[in-house]
Amino acid sequence: MSDSPPPSDERAVAAVEEANRSIASVDAYRFQMDMHVTASDGDQSRTVSVDGDGAVNVSAKRMQATTRTQDQTVKSYIDGYRAYQGCQDPWGGYAVENVSRSEPWATTTPLHRQLLLFERSNVYWRGNETLDGNRTVLVTASPSTETIRSLMDRRQAGDMELRRGSLENATARLWLDPETNRPVQSELRIQISQRGATATATITVQYSEYGDPAAISIPPAVYDDPHELGCPGAS
């Protein structure tokens with residue numbers, strides 16, 4: 001039986017609650033994402049890096065994001081309760097899926113999803129930490145496999161498959177602005193084991209431009225005969 005994480009720190013719980021209150025009235029924000037996955041299987045290993053950025057307009061229920069790897073760029077959009085992800089050539093077009101209505105719309109976006117992860121995990125106060133030359137407050141978490149699986153964004157996770165029982169040693173960090181209590185950056189680090197192979201993934205997201213106007217324009221081509229069953233050729 002695996003050891004359970006220690007109980008949450010009251011100060012950390014309060015910090016996460018304050019962060020939730022601080023973003024409750026935020027209508028728009030922007031984000032930048034970096035993901036690094038290092039996989040090894042015997043003597044072979046490889047590293048995949050993904051970077052991206054996007055904008056969210058909560059009041060309009062719209063989000064746009066762009067993710068880039070070495071050989072491809074993928075654009076994705078959320079318009080109301082429909083999510084569209086760009087498909088690779090030679091098929092092109094967009095795959096479409098419904099966004100769950102069981103929780104508030106904002107929880108489909110990176111910022112609110114990260115705060116949900118901390119709400120549903122044991123959290124710990126780490127105090128002041130300097131990030132990019134600015135003072136922040138750091139809170140860490142020990143999320144369970146089930147929590148990560150429920151919140152992982154498939155549009156960002158790509159081919160990284162989280163099968164039950166394969167995830168180990170997950171840790172998360174959240175940096176907060178001590179003046180506004182708003183998140184500045186989040187990080188999720190997970191280790192995955194599958195059939196003798198192992199992988200370590202680190203996903204870092206930075207949040208900025210809270211409340212600044214974010215008029216998100218969605219190209220008309222997104223709505224042209226989208227792929228209802230996912231991108232062709234995708235596993």
Side-chain angles (χ1 to χ4, degrees), residues 23 26-35 37 48-117 120 145-164 166-167 186 188 190 192 201 203-207 209 212-235:
I23 67 168
V26 169
D27 282 338
Y29 67 92
R30 296 184 181 275
F31 62 90
Q32 291 184 306
M33 184 271 293
D34 289 287
M35 180 170 70
V37 181
V48 176
S49 297
V50 181
D51 70 86
D53 55 73
V56 175
N57 189 317
V58 177
S59 57
K61 291 185 172 62
R62 280 190 166 192
M63 183 178 91
Q64 65 86 14
T66 302
T67 56
R68 295 169 290 267
T69 60
Q70 184 175 0
D71 59 353
Q72 64 180 335
T73 297
V74 176
K75 292 186 177 292
S76 60
Y77 304 90
I78 298 179
D79 186 6
Y81 290 92
R82 301 274 276 177
Y84 303 86
Q85 178 181 336
C87 299
Q88 298 303 300
D89 294 333
W91 296 279
Y94 289 80
V96 61
E97 63 178 314
N98 292 324
V99 172
S100 173
R101 295 176 181 262
S102 62
E103 294 181 329
W105 181 90
T107 60
T108 65
T109 73
L111 171 62
H112 296 76
R113 190 168 47 247
Q114 284 298 317
L115 283 178
L116 267 182
L117 183 146
R120 297 175 181 178
T145 299
E146 290 73 19
T147 295
I148 294 174
R149 286 171 59 90
S150 68
L151 297 174
M152 178 63 71
D153 184 354
R154 285 178 292 170
R155 289 175 295 277
Q156 289 182 1
D159 294 331
M160 186 175 60
E161 191 172 342
L162 298 179
R163 295 185 178 181
R164 188 173 299 277
S166 67
L167 189 151
S186 63
L188 175 63
I190 54 181
I192 305 164
I203 305 170
T204 305
V205 186
Q206 297 176 324
Y207 311 96
E209 299 182 44
D212 288 358
I216 296 173
S217 176
I218 300 179
V222 168
Y223 307 107
D224 293 343
D225 193 24
H227 304 292
E228 297 283 349
L229 299 178
C231 289
S235 57

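This chain uses plain numbering: 1 for the first residue, then up along the sequence.
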Check: Could you state the interatomic distance from OH (Tyr29) to CG (Leu111), rounded to the nearest 0.5 Å?
Finding: 4.5 Å
Notebook entry, point to check: At what distance, to the nearest 0.5 angstrom, does OG of Ser217 lie from OH of Tyr77?
Noted result: 8.0 Å
Notebook entry, point to check: What is the minimum heavy-atom distance between Arg120 and Thr147, and which atoms define it?
Noted result: O-OG1, 3.8 Å
Pairs under 3.5 angstrom only: tabulate donor-acceptor contacts from the side chains of residues 54-65 to other protein residues two or more places apart or in another chain.
residue, atom, partner, partner atom, Å
Asn57, OD1, Ser59, N, 3.3
Asn57, OD1, Ser59, OG, 2.8
Asn57, OD1, Ala60, N, 2.9
Asn57, ND2, Ala214, O, 2.9
Arg62, NE, Asp79, OD1, 3.4
Arg62, NH1, Ile216, O, 2.8

Checklist line | Note, Val74 side chain near Thr66 side chain (heavy atom, < 4.5 Å) | finding: no
Next item on the list: Would you give the length of the straight line joining atom NE2 of His227 to atom SG of Cys87, rounded to the nearest 0.5 angstrom?
Entry: 4.5 Å
Item checked: Over 12 foreign heavy atoms within 6.0 Å of CD, Glu228 -> yes
Notebook entry, point to check: Where is the tightest heavy-atom contact between Val96 and Pro226, given as atom of each residue plus distance?
Noted result: CG1-CB, 3.8 Å
Next item on the list: Give, for atom CD of Gln72 and atom OG1 of Thr67, the distance between the pair rounded to the nearest 0.5 Å.
Entry: 7.5 Å
Notebook entry, point to check: Looking only at heavy atoms, what is the nearest atom pair of Arg113 and Thr108, with distance?
Noted result: NH1-O, 2.6 Å
Check: In this structure, are over 12 heavy atoms from other groups packed under 6.0 Å from Asp225 atom CG?
Finding: no
Check: Would Phe31 and Thr109 count as a side chain to side chain contact (heavy atoms under 4.5 Å, CB included) if you check the C-alpha gap in whole Å, the side-chain angles of each, and the deciding distance to 0.1 Å?
Finding: CA-CA 10 Å; Phe31 62 90; Thr109 73; over 6 Å; no
Check: Short question: side chain of Trp105, backbone of Tyr81 - any donor-acceptor pair under 3.5 Å?
Finding: no
Margin query: Show the nearest heavy-atom pair for residues Ala106 and His112, with the distance to one decimal.
Written below: O-CB, 3.2 Å
Next item on the list: Any chance you could measure Met35, atom CE, to Asp51, atom CG, to the nearest 0.5 Å?
Entry: 10.5 Å
Next item on the list: Report the distance from atom CD1 of Ile203 to atom CD1 of Ile190, rounding to the nearest 0.5 Å.
Entry: 5.5 Å
Check: Could Arg30 and Tyr207 be counted as a cation-pi pair, given that NZ or CZ must be under 6.0 Å from the ring centre and within 45° of the axis?
Finding: no
Next item on the list: Indicate, with yes or no, if the rings of Tyr223 and Tyr94 have centres closer together than 6.0 Å.
Entry: no
Next item on the list: Taking only Lys NZ, Arg NE, NH1 and NH2, and the carboxylate oxygens of Asp or Glu, determine whether Asp34 and Arg68 approach each other closer than 4.0 Å.
Entry: no
